[in-house]
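Structure first, commentary second.
Naming: A, B, ... by sequence-line order, numbering from 1 per chain.
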There are 2 protein chains.
Amino acid sequence: MPKPGPRLRLIDVAERAGVSLATASRALSGREGVSEEVASRVRQVSKELGYVANPYARTLAGGTSSTVGLVVHQVDDPYFSEIAGGVIQVAAEEGLLVQICHSGRDPDEELRQLRHLITQRVGIILIAGSGYSDPRVEAEARAQLSEFQALGGRVAVIGRHALGVDAVLPDNEAGGRALAEHLLELGHRRIAVAAGTAGLTTVADRLAGVSSALRQRGLSLDTLPVVHGDFTRDGGRVAAEQILRDHPGTTAIIALNDAMAIGVLSTMRAHRIPVPERMSVVGFDDVSVAADLAPSLTTIRLPMTDMGRMALTLALKPRSTRPRRRSTGHVLVVRDSTGPTPRD
Amino acid sequence: MPKPGPRLRLIDVAERAGVSLATASRALSGREGVSEEVASRVRQVSKELGYVANPYARTLAGGTSSTVGLVVHQVDDPYFSEIAGGVIQVAAEEGLLVQICHSGRDPDEELRQLRHLITQRVGIILIAGSGYSDPRVEAEARAQLSEFQALGGRVAVIGRHALGVDAVLPDNEAGGRALAEHLLELGHRRIAVAAGTAGLTTVADRLAGVSSALRQRGLSLDTLPVVHGDFTRDGGRVAAEQILRDHPGTTAIIALNDAMAIGVLSTMRAHRIPVPERMSVVGFDDVSVAADLAPSLTTIRLPMTDMGRMALTLALKPRSTRPRRRSTGHVLVVRDSTGPTPRD
DNA sequence: CTGAAAGCGCTTACAG
DNA sequence: CTGAAAGCGCTTACAG
């Protein structure tokens, strides 16, 4: 195994291969204008010596950074850490650094993080997580990103559609529809929704799916309780408490992500309401613990790790004239938290 | 709010402040040898203009990098993502980049990641997660780290004690003892352990705590079943199946981390063994979902986020002559997964 | 196809 | 205390 020794420079490789610095640089970066023979010799020597380019010098000289900035709403939420896992996999394969930033679902903080990444000259920006309904926020983000792209930066987002960049889009609407259909087929009609913050597009999209399933059965979301709260476990608890208090006849609760569903389940347990016998509960995302809750959670599976991989892969491709969109697909995973309507 | 504009350089700040490049550099980096008056003027101008140094140029010139490499066993395991969250917080406060690497609990892969970080010239290396009992592995890692430190790199680790560097040390032994004492006080004697891979020091340390509690009661770990498996949910399931099969009289299972405990609980559910009525189960770590499992998990709480913060904070301090050690403390959190011995 | 040279934006001896 | 200059290790026009 080659032992690099921390001081090996490109010039060392060049000398050893008997070529100039410029030629060595071209050979290693796979650029045009080097005979295949020379190029392969340089690569050979480089490998033997265990040469690794200094990324700082490379960035400074070339203007293109090998750092990818990843902005997430919440680093220690499993939804985001699984996405980050996918991004990190691809980054490792490509020899890129990943810089993770945390916005805490605060749009202004997100804007600040974005600006910071741009100022730091990262080469790629990835944003994961719901967009905001507030057009001012999205317009500002959009402006920053397009300025960044104009300077050669690459961008991809996960779960945001209003940014005019390459996007990986989870099947939020279709997933919401599948969830509602599942409950309707089980006979539920008194359904309540524990929704995330009203200003998030993901919430709106999943809700739209629910609404469309209801409409197909001649029902309307407007007649059903939709309780908004934080897109977290605690948000789920608060929403569930409110639903139990204000809508005691409810037989099923749709939580719009698994974190909220976990909170809902915990509230049911606290009130000794058996799930699914008295109350069915569904989530969205299928984070890895969803299968281990008691009862195990019926939810929509999204391929989080793959979404992370896809996003970075998109960003690595040459920019296309129009933004690319990749849909994730989704699967309804039926487990033990849903059952037929209780008859009383 | 200052709008940086991506092309602002230190020379621009210097000119605006009416000083030379060198003076501006010194003023901003807080170095000696600038009159306080000049220094504060430069800082003022820099702030007004919204100047942010180019980290690549800075690293290339100064030799000290502002990226921190974080090596974890498993990025999407909550134990590690919470630690990473803490590291990211501090990094953000200090304007550092975080590069996360994943070793998959493979010691050779870890060594490879380490070498890669060193070659990439990161300024700080953080390693989180159990060490290996194999002295060869630890010696190799130790050698690499000391070479890195000799070149000016800073290092801190979480949960490893054999590396001769600053360390944040979870209370593994004391936690193991507390867990065992808790079960002993509830009357349990037929206790089994679902332990992680045998080669991990964390496993050995937690086991040592369990053993010491037993000894104090005149019992011995040698007479109890200790089943080794992966330090994951699936490892917990496999271990639990084996315990049920080979030691049907068992009344309590100590899982040496929460991931395994989740697997154990899921196996109990599959076998319809009520917890804690027929079987008590405990974990270790207190990942955030531990409270949401059914039954909620009795476990040892470790302050993961703080551990991440502490580790980076240690690494940021000037190096001391002898390695520093910070103990985390621990709390036994009693929840619903433990109860008195069943009498039959 | 190949090389000599300039330049990326900083920091840090080296002089004053 | 302050400044002019060299240098960090690359990439990329610019010549040949």
Quick check on B:R16: does its CZ atom have over 12 non-hydrogen neighbours (other residues, nucleotides or ligands) under 6.0 Å away? no
Salt bridge flag under 4.0 Å for residues A:K317 and A:D166: no
Atom CD1 of B:I11 and atom P of D:dG3 are separated, to the nearest Å, by 11 Å
Between A:S35 and C:dT2, is there a contact of a side-chain N or O with OP1 or OP2 at under 4.0 Å? yes
Short N/O separations, protein against nucleotides 13-16 of chain D, under 3.5 angstrom:
residue	atom	partner	partner atom	Å
D:dA13	N6	A:R26	NH2	2.8

Heavy-atom side-chain contact between B:L316 and B:I124 under 4.5 Å: yes
Just wondering, do B:R112 and B:H116 contact through their side chains at under 4.5 Å, heavy atoms? no
Identify whether any heavy atom of B:S25 sits under 4.0 Å from a base atom; if not, whether one sits that close to sugar-phosphate; answer base, sugar-phosphate or nothing. base
Pairwise N/O distances under 3.5 Å, protein to nucleotides 7-9 of chain D:
residue	atom	partner	partner atom	Å
D:dC8	O2	B:L60	O	3.4
D:dC8	O2	B:A61	N	3.2
D:dG9	N2	A:A57	O	3.4

Given atom CD of A:E36 and atom P of C:dT2, what is their separation to the nearest angstrom? 11 Å
Tell me whether the OP1 or OP2 atom of D:dG3 has a side-chain N or O from B:T23 closer than 4.0 Å. yes
Indicate the ring-plane relationship of A:H73 and A:F80, choosing parallel, tilted or perpendicular according to the 30° and 60° boundaries. perpendicular
Under a 4.0 Å N-O cut-off, is there an ion pair linking B:D108 with B:R136? yes
Does B:R115 pair with B:E140 as a salt bridge, N-O distance under 4.0 Å? yes
Minimal non-hydrogen separation, B:L49 against B:L8, with atom names: O-CD2, 3.4 Å
Where DNA chain C forms stems, i.e. three or more consecutive Watson-Crick or G-U pairs with both distances under 3.5 Å: C:1-3 with D:14-16, C:5-12 with D:5-12, C:14-16 with D:1-3
Nearest whole Å is fine: how far is C:dA5 P from A:L21 CG? 12 Å
Main-chain N/O of A:Y56 paired with B:T59 side-chain donor or acceptor, under 3.5 Å: no
Under a 4.0 Å N-O cut-off, is there an ion pair linking B:R105 with B:E110? no
Provide, to the nearest angstrom, the distance between the CG atom belonging to B:L28 and the C1' atom belonging to C:dC10. 12 Å
4.5 Å side-chain heavy-atom contact, A:T313 and A:M310: no
